[in-house]
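In what follows, a structure is listed as structure tokens, so that the remarks can point back to it.
Proteins get letters first, then strands, A, B, ... in listed order; numbering begins at 1 in each. Not measured: the values here are computed from a predicted model.
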Amino acid sequence: MQFTATQIAELLNGLIEGDANVTVSKLSKIEEGCPGSISFLSNPLYTQYIYNTKASVVIINKAFVLTAPVAATLIRVESAENAFAKLLEMYNKVKLDKKGMSKMSFIAESARLGSDIYAGEFSYVGENAIIGNGVKIYPQVYIGDNTVVGDNTTLFSGVKIYSETVIGKNCIIHSGTVIGSDGFRFNPENDNKKVPQIGNVVIEDDVEIGANCAIDRATLGSTILRKGVKFDNLIHIAHNVEVGENTYFAAHGVVAGSTKIGKNCMFSGQVGIVGHLNIADNTTITAQSGISKSINKIGEVYMGSPAFDANKYRKAYIHFRNLNSLVERIDKIEKQQVQTKL
Amino acid sequence: MQFTATQIAELLNGLIEGDANVTVSKLSKIEEGCPGSISFLSNPLYTQYIYNTKASVVIINKAFVLTAPVAATLIRVESAENAFAKLLEMYNKVKLDKKGMSKMSFIAESARLGSDIYAGEFSYVGENAIIGNGVKIYPQVYIGDNTVVGDNTTLFSGVKIYSETVIGKNCIIHSGTVIGSDGFRFNPENDNKKVPQIGNVVIEDDVEIGANCAIDRATLGSTILRKGVKFDNLIHIAHNVEVGENTYFAAHGVVAGSTKIGKNCMFSGQVGIVGHLNIADNTTITAQSGISKSINKIGEVYMGSPAFDANKYRKAYIHFRNLNSLVERIDKIEKQQVQTKL
Amino acid sequence: MQFTATQIAELLNGLIEGDANVTVSKLSKIEEGCPGSISFLSNPLYTQYIYNTKASVVIINKAFVLTAPVAATLIRVESAENAFAKLLEMYNKVKLDKKGMSKMSFIAESARLGSDIYAGEFSYVGENAIIGNGVKIYPQVYIGDNTVVGDNTTLFSGVKIYSETVIGKNCIIHSGTVIGSDGFRFNPENDNKKVPQIGNVVIEDDVEIGANCAIDRATLGSTILRKGVKFDNLIHIAHNVEVGENTYFAAHGVVAGSTKIGKNCMFSGQVGIVGHLNIADNTTITAQSGISKSINKIGEVYMGSPAFDANKYRKAYIHFRNLNSLVERIDKIEKQQVQTKL
């Protein structure tokens, strides 16, 4: 894709200063600009770069006043930041605009397909699957029997969806992620025999899941990710878990079976949550913390393993760091007591 | 699959009360019952639901006494719990009863195949592989050269088995799991050159491995998972590790190179174990704990990072939570000592 | 592959003692030797095994003096260890010497391919990809549009490379690893809308990445793994991270967005590093530690979560383990103070 400054200015409703015919084919940071790239300047901390950037085009705010000549073609807009974000989105949309059903894919005859679907090479769609309009199924994706995938959802290469899974609209699932694998349940009273896992996973609209996650199906009923849930990479969600609307998990989060998590929670990396708990809305958990009890009050911040109130944890941890000097103080006190006694 | 109450009653050797011709096509919890579903009542805490469940059929204990009319057809059996478990198993068996060799799979001519094998689309079986009877190879599975897969083992979509791996009978390996990748060894005395990893992985019978795990091959010899080992998702097992019979790992467990783990151990989520250790039989490790030394006594419970006896850890942790007040006590003692001296 | 003792002796420039015609087809540890295997003896602790090993051939040091008869054929060389390492490498090279372009692969017409490429069944190479000489693309690998893969790089089965990724020469990427998935960024000031991730991942020469890792692309610019970086399994690297030359990550490491890591660092398993930090060269981080602040001094060792100097941590942790007795000492001091006062 190659565009002239004029074409982009029209798109952004901006005004050109400099060579209107210069062409660009990629986007860059202003400090990493190169011939053929387009950048933007918004943050005042980066102002210096406008005078020596190698980018061919730079988007700047209408109000910005130059104090020296610039080599790049400028496009002036109301908000350079918003204009650039718009460009990013358009670029991404074009880049990801895959179309067509490959002859090297396998689609079961009983599957029901919407319009404008992309089904890449070596992708597989099972019996009775229902695939919505505009769904993008990248190469080597597996969609099991009786699954439902909502409109405009994207499944990147290598995603594996077990049977009976239901996925909403406008979801994005990254490569290597597995949805609907068996929950981890064995019956200790019956020679540790596997407990059949015949529930499913339900993912609502607008959910994004990173790479190489694993979301287990329910034993009976559903494991549920509510609308707007966002997962980073390598997350594990056990059977019968429910994650509330707009809750965020950073990488390597782990939730054990049957735990219910509220809305608008923010969990940092490597957080672990024990099974059969309730976590209130708007809970924040700091990195590497482990939650071993339900959190009932909304809006708390937890830290530690096992975790408790983050402010209290930080205080206790400062004392932990100084434990050596604390012990020395106690040694001294004891000596003095002995002397006092004498 | 659709069944009448009569058919299910015959199957379970039960007695019908109500409409014997009602049909069901899925299993549900009694509190989530819906027309066309079959549930069960066993736990007395759920008794209330029998009178308003929307399930079409409910399995109950012979001894159960109704205190009000019920809408659902009842099937009375000796043990409702066991009868329902039997149904779950049968349902699962039918659902997973995939058959046939896809023309869109690749099977090396030198591979030796048993009977009743399922080989899904885009699956790959390498040179000299030996595949037992009833093995299920889901779409996009990779089975490298010289591997052995025992009877009735299931490899879900996207499992990757490197060459020389040996897998026993009745194993289940979930999507995305990698078996036989190289151990992580480089020679610091030789410019950090890679140490070739030419051992293999041996997995005995009745092992289940969750999704997106990674089990490395041995440098020389074998990485071994003994009979009945059960792994949750996203487990890492390094080169030359041995995991004893019926040991359980919850999600995100990590074992470094050459460690030997005993039988019947239970490891909670995100546990880490250092390399070259021995872990005794029946060891329990709590979530997020890190084991840095061998555990020689059977049946111990460990907690913390680095971990020690769990009871001692919990006591120490209570004091850690109260460190602030402990420091205040010491402050007070010191002040008083000064006064006493004066 | 089957070789006579003579063939191997010639290869290693060694001298034979015993049956020169015995054949071997695999390599084993001396204590696990079996008929048809070749072993070596170098470590004096293993000397006893030379007299009862079942290996058909054993490589030993020229200087080694036998004190009893041995059944195995011996090959005497300058250094048994080095000779065996050479054998390992040769064995591995032959084993991994896959060749040819499968008709069941998909290569975009616009892709530019070097010579001697292996492209296994169901592998996919996207538009405008540039694939170097001797690259090995195992079955079910996905290589997105506009990617570059350098000479002699190996991508094992199921690796997924998103578009625009650049991979250097002589790299090894293990099964299930995902390169170039979207960074985890949403705009809280704009209804948590996804921030388009249009940067890429750049991996320099001689990098090895284990199984089921996930390396996110940059928002803008590049996520970078420098020359000689080595990753174990299940590592997560967020958008815009840079990892310096020859830095090692053990399994389950996690690095959040935009952090810059120096050269020659060693990170143990399950380490987590917060975003937007700088980590100095030669930093060591112990297992399960969490880094929450930049590390500016070269060569430090960190431990704990949040981490600080490892020696100080170990001291503090000893006191933590003994907190109960410390509290008892304080109790006693307080009692005595009361008595003193009386």
Side-chain angles (χ1 to χ4, degrees), chain B residues 104 106 122-124 140 142 144-145 158 160 162-164 176-178 181-182 184 186-187 190 192 194-198 212-214 216 219-221 234 236 238 252 254 256 270 272 274 288 290 292 304-306 308 312-313 315-320 322-323 326 329-330 332-333 336-337 340, chain C residues 26-29 32 39 85 88-93 95-96 102 104 120-122 138-140 156-158 172 174-177 208 210-213 228 230-234 246 248 250-252 268-270 286-289 304-305 317 320-324 326-327 330 333-334 337 340-341:
Chain B
M104 294 170 102
F106 172 87
F122 319 123
S123 64
Y124 175 99
Q140 301 142 343
Y142 170 82
D145 300 344
K160 308 298 177 200
Y162 280 62
S163 64
E164 279 86 39
T177 282
V178 174
S181 40
D182 280 355
F184 189 62
F186 303 88
N187 190 344
N190 186 7
N192 289 320
K194 178 181 178 66
V195 177
Q197 302 291 301
I198 69 150
N212 281 341
C213 295
D216 284 349
T219 308
L220 211 56
L234 293 149
H236 161 75
H252 275 254
V254 171
Q270 297 176 301
V274 161
Q288 298 192 321
S292 58
S305 175
F308 52 95
K312 286 184 188 158
Y313 186 92
K315 265 189 200 160
Y317 199 73
I318 288 169
H319 295 309
F320 167 76
N322 294 320
L323 266 181
L326 202 74
R329 284 168 67 189
I330 295 171
K332 205 176 147 189
I333 291 169
Q336 209 160 324
Q337 271 198 343
T340 307
Chain C
K26 61 178 178 176
L27 302 100
S28 69
K29 299 181 193 177
E32 295 174 352
S39 296
L88 283 180
E89 237 173 79
M90 289 171 49
Y91 176 91
N92 221 19
K93 205 169 171 182
K95 195 185 80 178
L96 298 175
S102 169
M104 294 171 102
E121 283 68 21
F122 319 124
Y138 274 71
Q140 301 142 345
F156 281 104
S157 176
I172 299 173
H174 282 281
S175 285
T177 281
E208 179 159 354
N212 281 339
C213 294
K230 311 289 183 200
F231 281 0
D232 202 345
N233 301 329
L234 293 149
N246 298 316
Y248 283 59
H252 275 255
S268 290
Q270 297 176 301
T286 68
Q288 298 192 323
S289 295
S305 175
Y317 199 73
F320 166 77
R321 292 179 67 142
N322 293 321
L323 265 181
N324 202 43
L326 203 72
V327 171
I330 294 172
I333 290 169
E334 284 175 338
Q337 272 199 341
T340 307
K341 263 180 116 173

Under 4.5 Å to a heavy atom of chain C? For B/Ser163 that would be side chain
On a heavy-atom basis, which atom in C/Gln337 and which in B/Ile333 lie closest, and how many Å separate them?
NE2-O, 2.9 Å
B/Ile330, part contacting chain C, at a heavy-atom distance under 4.5 Å:
side chain
Which one, C/Gly158, C/Gly176, C/Ala250, leads in non-hydrogen pairs under 4.5 Å with chain B?
C/Gly158
Can you tell if the side chain of C/Tyr138 reaches within under 4.5 Å of the side chain of B/Tyr162, non-hydrogen atoms only?
no
Note, B/His319 side chain near C/Leu326 side chain (heavy atom, < 4.5 Å)
no
If you tally heavy-atom pairs under 4.5 Å between each of B/Met104, B/Glu164, B/Lys194 and chain C, the highest tally belongs to B/Lys194
Answer key: most heavy-atom pairs under 4.5 Å with chain B among C/Ser28, C/Gly269, C/Ser268 is C/Ser28
For C/Gln270 and B/Gly272, work out which heavy atoms get closest and say how close.
OE1-CA, 3.3 Å
Please give me the minimum heavy-atom distance between B/Lys160 and C/Ser157, naming the atom from each residue.
CD-OG, 3.2 Å
Residues in side chain to side chain donor-acceptor pair (under 3.5 Å) with C/Ser102, at least two apart?
C/Glu121
Interatomic spacing from CG in C/Asp232 to CG in B/Asp216 - rounded to 0.5 Å:
6.0 Å
By a 4.5 Å heavy-atom criterion (distance strictly below it), what part of B/Asp145 contacts chain C: side chain, backbone, both, or neither?
side chain
Donor-acceptor under 3.5 Å (C/Gln140 side chain, B/Phe122 main chain):
yes
Give a yes or no answer on whether the side chain of C/Asn212 reaches the backbone of B/Thr177 with a donor-acceptor pair at less than 3.5 Å.
no
Output all residues satisfying side-chain contact (heavy atoms from CB on, under 4.5 Å) with C/Ala211, sequence neighbours left out; order by chain, then residue number.
B/Val178, B/Ser181, B/Ala214, C/His174, C/Asn233
Is there a donor-acceptor pair under 3.5 Å between the side chain of B/His252 and the backbone N or O of C/His252?
no
Got a donor-acceptor contact below 3.5 angstrom from the B/Tyr142 side chain to the C/Phe156 backbone?
no
Between C/Arg321, C/Glu89, C/Lys93, which residue shows the highest count of heavy-atom pairs closer than 4.5 Å to chain B?
C/Arg321
Hey, what do you get for CZ (B/Phe184) to CZ (C/Phe231), rounding to the nearest 0.5 Å?
9.0 Å
Per-residue tally against chain B (heavy atom, under 4.5 Å) across C/Leu96, C/Leu234, C/Asn246 peaks at C/Leu234
Using a cut-off of under 4.5 Å on heavy-atom pairs, state which of C/Ser289, C/Ala251, C/Gly304, C/Pro139 scores highest against chain B.
C/Pro139
Of B/Tyr317, B/Tyr313, B/Phe186, B/Phe320, the largest count of non-hydrogen pairs under 4.5 angstrom with chain C goes to B/Phe186
Sort out for me which of C/Thr286, C/Leu323, C/Leu27, C/Asn322 touches chain B most, counting heavy-atom pairs under 4.5 Å.
C/Leu323
Between CD of C/Glu32 and CG of B/Leu220, what distance do you get to the nearest 0.5 Å?
7.5 Å
